[in-house]
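Worksheet: one structure, shown below.
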Amino acid sequence: MYEYRFFNTLSTKPATIYNRDTKIGTISKTYSHPIQKLFDLIVKGHLFVNYELKDSTDQTVLTSRRGPNPFKRKQYHVAYYRRDREIYLHLVDEKSFGMTEETSFTYDGHTFELKKSMGEKARILNEGNVVAEWDSSLKVPFKAYFELVDKNYKEDELLFLGLFHTYLHVA
């Protein structure tokens, strides 16, 4: 199980991801311009949701950014760097009303669902089977926990961790 401490929704300080005592990578919020951070301060970190995830060798594995229109359903554009390829994913909020978070995305020819119900762990599913789980604490120090359930996706575990963080950290 991976664990990392994350900070408030404005912090750009990298959060180190650990598997027990081994550093797996870092995830941090980014701003392309200082003015963005100023505007984000006004809306408590919910306007500019841009993250960068790096592996243990400090290579960028994933970048994500929130869609440009904050008045529409939330949506995220994700770039995943795998081997020598750059893969784009688009996450769009699919819930109607209620206390759940739901989206789906297509990756490697399969459709995955990301679901989070109130009081439960978030899950990424493929054809109804759990691929990965993510949970976060609601008390200081804030921590997130990630577990890859389906070991067939070991090579893509940082993708799934990054998707959970991007979609749910500011939810």
Side-chain angles (χ1 to χ4, degrees), residues 1-7 9 11-32 48-67 73-95 100-117 120-137 141-171:
M1 178 179 292
Y2 293 176
E3 176 182 310
Y4 60 99
R5 180 173 176 228
F6 61 88
F7 306 95
T9 56
S11 178
T12 57
K13 181 178 180 182
T16 304
I17 304 162
Y18 292 99
N19 182 7
R20 295 184 184 92
D21 294 329
T22 305
K23 178 182 173 182
I24 302 303
T26 61
I27 191 161
S28 56
K29 187 166 188 173
T30 60
Y31 293 99
S32 61
F48 297 101
V49 181
N50 307 316
Y51 291 107
E52 180 177 51
L53 189 135
K54 295 183 176 185
D55 64 14
S56 60
T57 63
D58 211 30
Q59 297 296 309
T60 300
V61 174
L62 180 140
T63 58
S64 63
R65 65 179 175 79
R66 187 169 186 160
R73 290 180 178 244
K74 70 179 179 179
Q75 56 181 296
Y76 300 93
H77 302 277
V78 178
Y80 174 51
Y81 307 98
R82 181 177 175 203
R83 297 188 194 117
D84 293 333
R85 294 178 23 208
E86 185 174 2
I87 301 162
Y88 291 98
L89 303 172
H90 187 207
L91 305 177
V92 178
D93 185 6
E94 294 177 354
K95 72 175 185 285
T100 63
E101 296 288 339
E102 292 182 32
T103 190
S104 62
F105 59 94
T106 301
Y107 170 67
D108 207 21
H110 299 281
T111 299
F112 293 84
E113 298 172 285
L114 188 155
K115 293 184 176 187
K116 168 81 170 101
S117 296
E120 294 183 12
K121 290 181 179 181
R123 290 181 171 84
I124 290 180
L125 304 140
N126 180 13
E127 297 179 4
N129 299 314
V130 177
V131 174
E133 295 180 324
W134 186 87
D135 200 10
S136 62
S137 64
F142 300 112
K143 288 190 174 184
Y145 306 92
F146 170 83
E147 183 174 8
L148 184 69
V149 176
D150 187 337
K151 303 304 182 200
N152 292 322
Y153 292 98
K154 179 75 174 152
E155 191 173 83
D156 299 312
E157 64 189 346
L158 290 179
L159 165 66
F160 298 130
L161 187 149
L163 292 174
F164 279 129
H165 189 87
T166 296
Y167 200 77
L168 298 172
H169 181 245
V170 295

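Excluded from the calculations below are hydrogen atoms, water molecules and symmetry mates; all remaining heavy atoms, backbone and side chain alike, are included.
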(message) Under the rule for salt bridge (charged side-chain N to carboxylate O under 4.0 Å, His left out), what residues qualify as partners of Lys143, not counting sequence neighbours?
(response) Glu3

(request) Return the set of residues passing salt bridge (charged side-chain N to carboxylate O under 4.0 Å, His left out) with Arg20 (not counting sequence neighbours), or none when no residue passes. (result) none

Nearest 0.5 Å please: distance from the [atom1] atom of [X] over to the [atom2] atom of [Y].
X      : Y      : atom1 : atom2 : value
Leu91  : Lys74  : CG    : NZ    : 9.5 Å
Phe164 : Trp134 : CZ    : CH2   : 8.5 Å
Asn126 : Glu113 : CG    : CD    : 9.0 Å
Arg5   : Thr16  : CZ    : OG1   : 11.0 Å
Asp150 : Asn129 : CG    : CG    : 7.5 Å
Ile24  : Thr22  : CD1   : OG1   : 6.0 Å

Taking all atoms of both residues into account, what is the closest heavy-atom pair of [X] and [Y], and its distance?
X      : Y      : answer
Leu53  : Leu158 : CD2-CB, 3.7 Å
Ala122 : Leu168 : CB-CD1, 3.4 Å
Ile17  : Tyr4   : CA-CB, 3.8 Å
Asn19  : Met1   : OD1-O, 3.5 Å
Ser28  : Pro14  : CB-CA, 3.7 Å
Tyr167 : Leu114 : CD2-CD2, 4.0 Å

Mind checking side chain to side chain donor-acceptor pair (under 3.5 Å) for [X] and listing every partner two or more places apart, or none if nothing turns up?
X      : result
Glu127 : none
Glu120 : none
Thr60  : Glu52

Is there side-chain contact between [X] and [Y], with heavy atoms separated by less than 4.5 Å?
X      : Y      : value
His90  : Gln75  : yes
Thr106 : Phe112 : no
Asn50  : Thr63  : no
Tyr2   : Glu147 : no
Phe105 : Thr111 : no

(request) Salt-bridge test for Lys151 and Glu157: reply yes if a basic N is under 4.0 Å from a carboxylate O, no otherwise. (result) no

(request) State whether Glu155 and Arg82 are salt-bridged, where the test is any N-O pair (Lys NZ or Arg NE/NH1/NH2 against Asp/Glu carboxylate O) under 4.0 Å. (result) yes

(message) Is it the case that the side chain of Thr103 and the backbone of Val92 share a donor-acceptor pair, with hydrogens and angles ignored and the cut-off at 3.5 Å?
(response) yes

(message) Out of the candidates Tyr51, Tyr145, Phe160, only one should pair with His165 under the ring pair (Phe, Tyr, Trp, His ring centres under 6.0 Å) rule; please name it.
(response) Tyr51

(message) Checking side-chain polar atoms at under 3.5 Å, does Tyr81 have a donor or acceptor matched by the opposite partner on Gln59?
(response) no

(request) Apply the side chain to side chain contact (heavy atoms under 4.5 Å, CB included) test between Asp55 and each candidate in Leu62, Val61, Thr26; give the one that qualifies. (result) Val61

(request) With sequence neighbours left out, write down each residue that passes side-chain contact (heavy atoms from CB on, under 4.5 Å) with Val130, or none if nothing qualifies. (result) Arg123, Leu125, Glu133, Val149

(message) With side chain to side chain contact (heavy atoms under 4.5 Å, CB included) as the criterion, how do Asp156 and Leu148 come out once you've worked through the C-alpha distance, each side chain's angles and the decisive distance to 0.1 Å?
(response) CA-CA 9 Å; Asp156 299 312; Leu148 184 69; over 6 Å; no

(message) Please verify the inter-ring angle class for Tyr107 with Tyr80; under 30° counts as parallel, over 60° as perpendicular, anything in between as tilted.
(response) perpendicular

